[in-house]
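We use all heavy atoms of the structure for the numbers below, so side chains are in, but hydrogens, waters and symmetry mates are not. Here the structure is a predicted model, which means the values were calculated and not measured. Just so you know, ligand 1 is whichever comes first in the structure, and atom 1 is the first atom listed for that ligand.
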Amino acid sequence: MVQIREFCWRDYDDVAALWAAAGRDVLPRDELTAKLTRDPQLFLVAELDGAVAGVVLGTYDGRRGWILRLAVDPAHRRRGIATMLVGELEARFTALGCPRVNLLVMPDSTTALRFWQALGYLPMPDVLCTKPMGDTSR
Ligand SMILES: CC(C)(COP(=O)(O)OP(=O)(O)OC[C@H]1O[C@@H](n2cnc3c(N)ncnc32)[C@H](O)[C@@H]1OP(=O)(O)O)[C@@H](O)C(=O)NCCC(=O)NCCS
């Protein structure tokens, strides 16, 4: 049975492996430590038979919620695990009074776009702009 629960540090290696398997950058421990000083209840994992099978990282800036780094173990996809993770995260955003949730999808990621649209997330024409504050590797 799948259990959705908050991340704890013993999950880190499993979560890093999931992000790597999904082709995502792995957030280093120091970045996660900083994230966990704010809304730690928005960093969720899906546990299946004692192992981490999915992960999602939410943030809330007081105006908008953001969903980041959703990934499900390739061996357990199309079983509703991402839907459960996002459903629990949305409930937690709502409990915080968050009125709207945003996320970014790579334009060539057909699977991700289909998934998000199935859950009611609609594309917007905005273009992401970014600038490193010092260290250009982050
Ligand atoms: C996208 C991802 C998180 C979906 O996880 P999942 O647990 O398989 O998703 P779910 O089982 O909850 O899927 C819910 C619905 O999304 C849609 N969907 C999910 N995967 C899909 C696919 N490969 N093709 C088409 N539709 C898909 C379907 O409508 C699906 O419902 P259905 O299975 O009843 O048809 C997973 O494929 C993944 O980790 N991909 C790599 C990382 C990634 O792209 N993350 C998103 C970054 S923005």
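Interface of W116 with ligand 1, defined as ligand atoms under 4.0 Å from a residue heavy atom, comprises 48 (S). Against a heavy-atom cut-off of under 4.0 Å, L104 is close to the following atoms of ligand 1: 48 (S). Close contacts of ligand 1 with R24, meaning ligand atoms under 4.0 Å from a residue heavy atom, involve 47 (C).
Under the 30°/60° scheme for interplanar angles, the aromatic rings of F43 and F7 are found to lie parallel.
Contacts of H76 with ligand 1, taken as heavy-atom pairs under 4.0 Å, are absent altogether. Residue A118 touches ligand 1 through its side chain alone, judged by heavy-atom distances below 4.0 Å.
When only non-hydrogen protein atoms are considered, atom 35 (O) of ligand 1 lies nearest to R78 NH2, 2.9 Å. Looking only at heavy atoms of the protein, atom 25 (C) of ligand 1 is closest to R114 CD, 3.4 Å. Ranking protein heavy atoms by distance to atom 45 (N) of ligand 1, first place goes to L70 O, 2.9 Å.
Between A22 and ligand 1, not a single N/O pair is under 3.5 Å apart. Looking at L119 next to ligand 1, no N or O pair under 3.5 Å apart turns up. Some N or O of G80 is nearer than 3.5 Å to an N or O of ligand 1, by distance alone. In terms of polar-atom proximity, A112 is not counted as a contact of ligand 1, lacking any N or O under 3.5 Å from an N or O of the ligand.
The closest side-chain heavy-atom distance from V55 to R69 is not below 4.5 Å.
Nearest residue to atom 10 (P) of ligand 1 from I67, T110, T83, L113 is T83 (criterion: closest heavy atom).
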